[in-house]
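The first residue in the sequence is number 1, and the count goes up from there.
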Amino acid sequence: MRVLITGANRGVGLAIAEALAIRGDHVIATTRSAMPLANVQWQQADMADPASISALAERVEGPLDLLICNAGVLHDRAEALETGYPPEMWAETFAINVTGVFLTIQALLPKLRAAGAAKIAILSSQLGSNTRATGGKYIYRASKSAALNLGRNLAHDLAPEGIAVGIYHPGWVQTDMGGSAADITAAQAATGLIQRFDVLGPDTTGVFETWDGQPHPL
């Protein structure tokens, strides 16, 4: 299987790339800096830069069986409601977490169509669900809600072509973003997510699930 995963130089993305490469998949992974795995084909790309995404699509050769939109940022963890959340933070977060996801899918759609029954996996978050409205992190929550909505609508539009789209909550993961007190390791999240990707298909397109296969309320 030929897979492209965005933002794979650390955390859950790196763990997914490593696990897929170990099992024998051809993995193309994007990074803005470090290239930590030797058995992965690395591509420099900035998900906040439309020109960089277009250039990535031109460099990728051959069909893609699976596109994993993993790249994401969380900048507003400690922002105060009264004084925080500056416009620049909104713009950068949405450029990566939402616009970057859409433009990546749009740019690589010909590669997915060439593969036939291809799949798209979008990593959103439970914080993007209407059922997890516990306050704070307004920018991140809004961006992940938008990514969820984007995935659901792409599932509808791409279903006639046999391209399945799944949206996933990766869990609370022990990464730079999740912190050391999180519930699961990046390797555990990657194992569960890959299982979700493997069973994704036309009959399940549009799902919003947790890393361990539980349906997540919208």
Side-chain angles (χ1 to χ4, degrees), residues 6-7 11-13 16 47-48 67-106 119-159 163-179 181-184 186 188-190 192-197 199-218:
T6 65
V12 175
I16 294 173
M47 294 299 106
L67 170 61
I68 306 171
C69 296
N70 165 77
V73 294
L74 167 55
H75 291 323
D76 59 329
R77 190 192 312 273
E79 294 295 301
L81 176 58
E82 296 80 5
T83 58
Y85 304 100
E88 297 81 6
M89 189 178 289
W90 283 93
E92 181 183 358
T93 301
F94 268 72
I96 296 170
N97 292 6
V98 185
T99 308
V101 172
F102 179 80
L103 293 180
T104 300
I105 294 169
Q106 185 182 55
K119 307 177 186 185
I120 299 169
I122 298 174
L123 295 198
S124 178
S125 169
Q126 65 180 3
L127 297 185
S129 167
N130 291 327
T131 62
R132 294 285 297 190
T134 54
K137 302 184 184 71
Y138 293 103
I139 302 175
Y140 183 76
R141 288 177 186 275
S143 72
K144 289 302 184 179
S145 180
L148 169 57
N149 184 275
L150 177 66
R152 296 273 293 177
N153 283 281
L154 282 167
H156 176 273
D157 285 346
L158 294 174
I163 298 176
V165 182
I167 309 98
Y168 303 96
H169 166 57
W172 186 22
V173 189
Q174 296 164 14
T175 61
D176 291 344
M177 183 182 291
D183 293 334
I184 59 174
Q188 288 174 306
L193 287 167
I194 290 170
Q195 291 173 352
R196 307 283 75 72
F197 306 157
V199 299
L200 176 65
D203 292 339
T204 57
T205 189
V207 294
F208 181 34
E209 294 179 336
T210 63
W211 67 279
D212 55 353
Q214 301 302 310
H216 199 295
L218 300 174

Salt bridge (Lys or Arg N to Asp or Glu O under 4.0 Å) pairs, two or more places apart, involving residues 140-150: none
Would you find a donor on one side and an acceptor on the other, under 3.5 Å apart, between the side chain of [X] and the backbone of [Y]?
{"X": "S124", "Y": "I167", "answer": "no"}
{"X": "T205", "Y": "P202", "answer": "no"}
{"X": "T104", "Y": "G100", "answer": "yes"}
{"X": "T210", "Y": "H169", "answer": "no"}
{"X": "R132", "Y": "G128", "answer": "no"}

Considering only heavy atoms from C-beta outward, does the side chain of [X] approach that of [Y] to under 4.5 Å?
{"X": "L123", "Y": "L193", "answer": "yes"}
{"X": "L218", "Y": "R152", "answer": "yes"}
{"X": "W211", "Y": "V12", "answer": "no"}
{"X": "V73", "Y": "N97", "answer": "yes"}
{"X": "I120", "Y": "L154", "answer": "no"}

Criterion side chain to side chain contact (heavy atoms under 4.5 Å, CB included) on I122 and I105, from CA distance to verdict: CA-CA 10 Å; I122 298 174; I105 294 169; 4.0 Å; yes
For [X] and [Y], work out which heavy atoms get closest and say how close.
{"X": "P217", "Y": "T131", "result": "CG-OG1, 3.6 Å"}
{"X": "T93", "Y": "S143", "result": "CG2-OG, 3.7 Å"}
{"X": "S125", "Y": "Y140", "result": "CB-OH, 3.9 Å"}
{"X": "M47", "Y": "T6", "result": "SD-CG2, 3.9 Å"}
{"X": "I184", "Y": "P170", "result": "CD1-O, 3.7 Å"}
{"X": "A189", "Y": "V173", "result": "CB-CG2, 3.9 Å"}

Could you state the interatomic distance from [atom1] ([X]) to [atom2] ([Y]), rounded to the nearest 0.5 Å?
{"X": "I68", "Y": "I194", "atom1": "CD1", "atom2": "CD1", "value": "7.0 Å"}
{"X": "D183", "Y": "Q174", "atom1": "CG", "atom2": "CD", "value": "8.0 Å"}
{"X": "L127", "Y": "Y138", "atom1": "CG", "atom2": "OH", "value": "12.5 Å"}

Pairs satisfying side chain to side chain donor-acceptor pair (under 3.5 Å), at least one member in residues 70-88, at least two apart: H75-E92
Aromatic ring pairing F208/H216, orientation class (parallel under 30°, perpendicular over 60°, tilted between): tilted
Pair N153-N149, side-chain donor/acceptor within less than 3.5 Å: yes
